[in-house]
Q: 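Pasting a structure here, questions to come.
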2 protein chains.
Amino acid sequence: MSQPSRSRVQPVHSPHPGLAPWLDRVVCADCLELLEQLPDESIDLIFADPPYNLQLAQTLIRPDSSVVDACDDEWDQFESFAAYDQFTRAWLSACRRVLKDSGTLWVIGSYHNIFRVGAALQDLGYWVLNDVVWVKANPMPNFRGVRFTNAHETLIWCKKSATAKGYVFNYHDMKAANGGKQMRSDWYFPLCNGGERLRDEDGAKLHPTQKPLGLIDRVIAAASRPGQVVLDPFAGVGTTAVAALRRGRHFVAVEREPGYVAAALQRLEAESDGQLPLFAYGT
Amino acid sequence: MSQPSRSRVQPVHSPHPGLAPWLDRVVCADCLELLEQLPDESIDLIFADPPYNLQLAQTLIRPDSSVVDACDDEWDQFESFAAYDQFTRAWLSACRRVLKDSGTLWVIGSYHNIFRVGAALQDLGYWVLNDVVWVKANPMPNFRGVRFTNAHETLIWCKKSATAKGYVFNYHDMKAANGGKQMRSDWYFPLCNGGERLRDEDGAKLHPTQKPLGLIDRVIAAASRPGQVVLDPFAGVGTTAVAALRRGRHFVAVEREPGYVAAALQRLEAESDGQLPLFAYGT
DNA sequence: CAACACCGTGAATCGACAA
DNA sequence: GTTGTCGATTCACGGTGTT
């Protein structure tokens, strides 16, 4: 990891010392390499959407004989559960070092990986505050009729340790957003599609698993305050960064795939309408 | 484990050899002791609602009897998780031996234990088919307003191995029960209360976590056929047995606490209206 | 222009059996 | 183990085109 190669338009008088080179940047790097560069206890909130290790065995055909466009990307391939566990513990450990004692971590996953992630974070000393289910309005059906429709994903929300104090939970905002009743652990959102889904000129999706902005917005609105720093170690096409920007939070976005980084930068520059400093590439 | 001490009213001409002493019985025993008595590959469906009280697991299983610090000590957490994992792997292994190759296992839990259970069963070779969330119609609010309302629990449905064939999924029944559309992985049920909740003369709950009958009925209806055998290694007050009985499935119910066993027997005798053989106590 | 029909698609661990 | 055959199998939403 070298320093970013493009300088910002304006100097930032940051209340976040040591983060300046990466603050409000999308950095193209392996997340472990970048996390090594960040100071201890510098991050308020982490949202992580790691590879799910789907282990797809064959092509899936719909009843109308069309082929499902599966997530078969190289970055989602792991040799074994043991290899996935090692990867998981590595990034969770690195995140724990940079997380403030008052900070919290969110991870999203499916049954393929979430149990392993949950056990690993408990083993590392994180303390679970809630698990939350994203109930999908419009999931893909089970075409063969051999299982239940996979209609949800799971998020885990945890603090740094059982004894950690001072984490942010904007209880009243959540209650207000839920019609005056306490926000529950089941969240209903549609899949990311329509105009929100990023596509190339041919209409192909830019990212196989782009998350809905509304989902991440709720995470940021619930568990951070304006001016705090949100880290996304698997930033993809930058949905977390966009949500942070709109909510007035700083962000540090890390993504290994240059194509995703380019899409995220384009999205953020459109979002900020030229008012934001330029966003930087790492190496 | 001795043989049951009370004989049945009628001989059972069972298509389930080796299970006769425990078939359609509530056995008062530690589940590991009873599982040792069951033949290999004799069970079609297992529903397990294991304890997740870490303090309980610690006092029961921790090998040494050293005095531990308060439960907010990190080392203590590790010890506690390790003890719980050991307990989990033991009963999951025993269940896997008695499960038919075509059988499936369900486990229910909350964020306190479900990640550990899920990782353990994957490590043991079970293959997850679905995770299912029980979305609670009427959850207990979070009185202190420091977290989201804990409004769901998680069930994991798995088969014996990735290559196991022939598991039961009554797709059309589930579809019909869902108004003609595929049954999804999010199930909406109220908590067990009202007339369904078992209480003593003082109105106190007989069991702290009695599950709603509708939830377990859906599990049995989805994943077993009439005449098959359902095992519940943590039977509590016998909800699984009642559900199996009503659906025409045989059951083997194991529960360590005599008070719960007594409640389950009373419930089943009322349920069967004298038509069932007497239910047996183990030791 | 409104209403309707049609089509594409989404983190998916998606057969059983005989030769 | 591999291959070929037979058979059973989809929901919600958004975009486009037609009536």
Side-chain angles (χ1 to χ4, degrees), chain A residues 48-81 84 107-117 133-155 188-199 202-212 214-215 234 236-237 239 260, chain B residues 101-102 104 118 121-122 125-131 156-172 174-175 178-186:
Chain A
D49 182 10
Y52 285 12
N53 190 25
L54 283 190
Q55 304 179 260
L56 302 177
Q58 57 195 359
T59 60
L60 179 59
I61 309 294
R62 301 173 197 270
D64 66 0
S65 300
S66 65
V67 176
V68 172
D69 181 18
C71 177
D72 55 0
D73 302 72
E74 177 272 333
W75 49 256
D76 198 44
Q77 309 296 323
F78 291 85
E79 292 274 331
S80 61
F81 279 134
Y84 187 78
V107 193
I108 184 168
S110 67
Y111 66 84
H112 308 83
N113 71 323
I114 198 65
F115 307 125
R116 314 204 75 81
V117 170
V133 286
W134 167 28
V135 178
K136 300 179 181 182
N138 48 345
M140 188 185 303
N142 185 288
F143 298 117
R144 302 299 294 268
V146 292
R147 302 184 181 186
F148 297 98
T149 303
N150 212 329
H152 75 279
E153 293 187 26
T154 300
L155 300 98
Y188 186 83
F189 285 102
L191 295 174
C192 178
N193 54 17
E196 187 184 331
R197 190 71 189 245
L198 299 182
R199 298 183 184 278
D202 302 328
K205 51 193 176 189
L206 283 184
H207 191 284
T209 66
Q210 186 182 342
K211 296 293 178 293
L215 179 75
F234 307 100
V237 288
T239 307
Y260 299 158
Chain B
D101 287 348
S102 59
T104 60
L121 63 84
Q122 287 178 318
Y126 286 103
W127 195 251
V128 178
L129 293 166
N130 278 114
D131 61 337
I156 302 175
W157 181 36
C158 57
K159 58 179 181 174
K160 196 167 169 178
S161 71
T163 55
K165 298 189 189 310
Y167 71 88
V168 175
F169 177 56
N170 298 310
Y171 173 74
H172 292 287
M174 288 296 102
K175 188 171 176 177
N178 194 39
K181 287 182 277 193
Q182 287 190 344
M183 186 70 79
R184 299 165 38 120
S185 61
D186 55 317

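Lettering follows sequence order; numbering is per chain, from 1. Values in this document were obtained by computation on a predicted structure and should not be read as measured data.
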Q: Using the C1' atoms only, state how far D:dT10 lies from C:dC7, rounded to an integer number of Å.
A: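 So the two C1' atoms sit 14 Å from each other.
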Q: Write down the distance separating the C1' atoms in C:dG15 and D:dC11, rounded off to the nearest Å.
A: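 Nearest-Å result for C:dG15 against D:dC11 at atom C1': 22 Å.
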Q: Please list, chain by chain and in numerical order, all residues satisfying ring-ring contact (aromatic ring centres under 6.0 Å, His included) with B:Y171, sequence neighbours excluded.
A: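 In terms of ring-ring contact (aromatic ring centres under 6.0 Å, His included), with neighbours along the sequence ignored, B:Y171 is linked to no residue.
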Q: Is there side-chain contact between A:I108 and A:T154, with at least one heavy-atom pair below 4.5 Å?
A: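 They are not in side-chain contact.
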Q: Could you pull out the protein-nucleic contacts involving nucleotides 8-11 of chain D (nitrogen or oxygen on both sides, under 3.5 Å)?
A:
unit_1	atom_1	unit_2	atom_2	d
D:dT9	OP1	B:H172	NE2	2.2
D:dT9	O3'	B:Y171	OH	3.3
D:dT10	OP1	B:Y171	OH	2.5
D:dT10	OP1	B:K175	NZ	2.5
D:dC11	OP1	B:Q182	N	2.9
D:dC11	O2	A:P139	O	3.4

Q: When rounded to the nearest Å, what value does the distance between P atoms of C:dA11 and D:dT9 take?
A: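 After rounding to an integer number of Å, I get 25 Å for this pair.
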Q: Please give the distance between the P atoms of D:dC6 and C:dC14 as a whole number of Å.
A: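 One P to the other, the span is 24 Å.
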Q: For B:D186 and A:K136, run salt bridge (Lys or Arg N to Asp or Glu O under 4.0 Å): C-alpha distance rounded to whole Å, both residues' side-chain angles, the deciding distance at 0.1 Å, then the answer.
A: CA-CA 9 Å; B:D186 55 317; A:K136 300 179 181 182; over 6 Å; no
Q: So does A:K136 reach the base of C:dA11 with its side chain, donor to acceptor, closer than 3.5 Å?
A: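 No, no donor-acceptor pair under 3.5 Å.
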Q: Please list every stem that involves DNA chain C, where a stem is a run of 3 or more consecutive Watson-Crick or G-U wobble pairs with both pairing distances under 3.5 Å.
A: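 Paired runs of 3+ in DNA chain C: C:2-10 with D:11-19, C:15-19 with D:2-6.
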Q: Of A:G195 and A:A137, whose nearest nucleotide on DNA chain D comes first from the 5' end?
A: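 Here A:A137 is the residue nearer the 5' end.
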Q: For A:N142, check side chain to side chain donor-acceptor pair (under 3.5 Å) against everything at least two apart and list the hits.
A: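 With sequence neighbours excluded, A:N142 shows a side chain to side chain donor-acceptor pair (under 3.5 Å) to no residue whatsoever.
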Q: How many Å lie between NZ on A:K205 and P on C:dG8, as a whole number?
A: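 To the nearest whole Å, that distance equals 15 Å.
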Q: Check side chain to side chain donor-acceptor pair (under 3.5 Å) between A:D202 and all other residues, then give those that pass, not counting sequence neighbours.
A: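 Partners of A:D202 under the side chain to side chain donor-acceptor pair (under 3.5 Å) test: none.
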Q: Roughly how far, to the nearest 0.5 Å, is CD1 of A:I61 from CZ of A:F143?
A: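 Output value for this atom pair is 10.5 Å.
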Q: List for me each residue that meets ring-ring contact (aromatic ring centres under 6.0 Å, His included) alongside A:F78, sequence neighbours excluded, and say none if there are none.
A: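 Residues passing ring-ring contact (aromatic ring centres under 6.0 Å, His included) with A:F78: A:Y84, A:F87.
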